[in-house]
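Written out below as structure tokens is the structure these notes cover.
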Amino acid sequence: MKQFNTQKFVFCLALASAASSTCFADTIAVDTSSKQRVVSCPTEFQQVKISDDARQCQAFEKNITSVMVYHSPSSPSEMLSVYQAAHPSLQTHSPIKGRTLLSSEDKTVRVVISPDNSGSQVDILVTSKAE
């Protein structure tokens, strides 16, 4: 099974933050000691659709932020169509280095679709609203 690429994930999160013009006042501590969970791919994650052909799903869930990363044999343009149809309220941003960001208006949902050697990698980030 393919290992989770931490550098690619951090890059995707940085890309999502940059595209949303969000600035963080405080740094976010990343707990690298927590174990990742490889799960069978659900149909939804935090109310965000998961592609029917999703493989190698890895979920990371904490109190404030939940992340799902998966691979699809579908092309990035096919995956973009899936998410635009399933979540028409998500804003599609211009691709940066082949990666396309879709985000909710309040920035609590971000989906990054990246080309992969044999399809696409999809990163879903769902954060709770600050109280």
Side-chain angles (χ1 to χ4, degrees):
M1 179 187 288
K2 184 178 174 183
Q3 289 293 322
F4 179 73
N5 186 331
T6 305
Q7 289 179 325
K8 187 173 184 179
F9 175 70
V10 170
F11 175 78
C12 289
L13 290 178
L15 175 68
S17 294
S20 69
S21 301
T22 302
C23 294
F24 295 101
D26 297 320
T27 56
I28 299 173
V30 177
D31 181 5
T32 57
S33 65
S34 64
K35 299 261 184 198
Q36 63 191 15
R37 284 190 304 132
V38 177
V39 296
S40 23
C41 299
T43 58
E44 276 190 357
F45 176 74
Q46 301 288 329
Q47 300 180 347
V48 177
K49 178 177 177 35
I50 301 295
S51 172
D52 295 335
D53 61 2
R55 303 287 180 267
Q56 301 174 342
C57 292
Q58 298 174 325
F60 302 85
E61 295 185 75
K62 294 285 184 178
N63 294 339
I64 298 173
T65 303
S66 297
V67 177
M68 168 70 72
V69 178
Y70 72 89
H71 176 267
S72 170
S74 299
S75 71
S77 61
E78 291 170 319
M79 292 307 303
L80 181 59
S81 295
V82 166
Y83 280 95
Q84 288 174 326
H87 302 283
S89 64
L90 293 179
Q91 179 185 1
T92 303
H93 302 269
S94 298
I96 298 174
K97 294 189 177 183
R99 293 171 174 83
T100 303
L101 170 67
L102 296 99
S103 63
S104 61
E105 188 174 322
D106 63 1
K107 308 298 186 217
T108 58
V109 175
R110 293 184 178 120
V111 177
V112 179
I113 301 170
S114 307
D116 198 322
N117 291 338
S118 57
S120 303
Q121 176 175 316
V122 178
D123 300 271
I124 301 169
L125 173 67
V126 180
T127 56
S128 63
K129 294 181 183 177
E131 309 249 349

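- In this structure, His87 contributes its side chain and Lys49 its backbone to a donor-acceptor pair below 3.5 Å.
- The environment of CD in Gln47 is sparse: at most 12 heavy-atom neighbours from other residues, nucleotides or ligands sit within 6.0 Å.
- Under the 4.5 Å side-chain criterion, counting only non-hydrogen atoms from C-beta, Cys57 is in contact with Met68.
- Of all non-hydrogen atoms in Leu101 and Arg110, the two that sit nearest each other are CD1-CB, 4.0 Å.
- The nearest pair of heavy atoms linking His93 to Thr100 is O-CG2, 3.7 Å.
- Listed here is the closest heavy atom pair of Pro115 and Gly98: CD-O, 3.1 Å.
- No side-chain donor-acceptor contact under 3.5 Å links Ser72 to the backbone of Ser120.
- Scanning both residues, Ala54 and Cys41, for their nearest heavy atoms gives O-SG, 3.5 Å.
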Quick one, Thr127 with Thr108, criterion side-chain contact (heavy atoms from CB on, under 4.5 Å). Give me CA distance, side-chain angles, the key distance, then yes/no.
CA-CA 5 Å; Thr127 56; Thr108 58; 4.0 Å; yes
Under the side-chain contact (heavy atoms from CB on, under 4.5 Å) rule, what do Val111 and Met79 come out as? Steps first, then yes or no, please.
CA-CA 11 Å; Val111 177; Met79 292 307 303; over 6 Å; no
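- Taking OH from Tyr83 and CD1 from Ile113, the interatomic distance works out to 7.0 Å, rounded to the nearest 0.5 Å.
- Minimum heavy-atom separation, Leu90 to Ser104: CD2-N, 3.4 Å.
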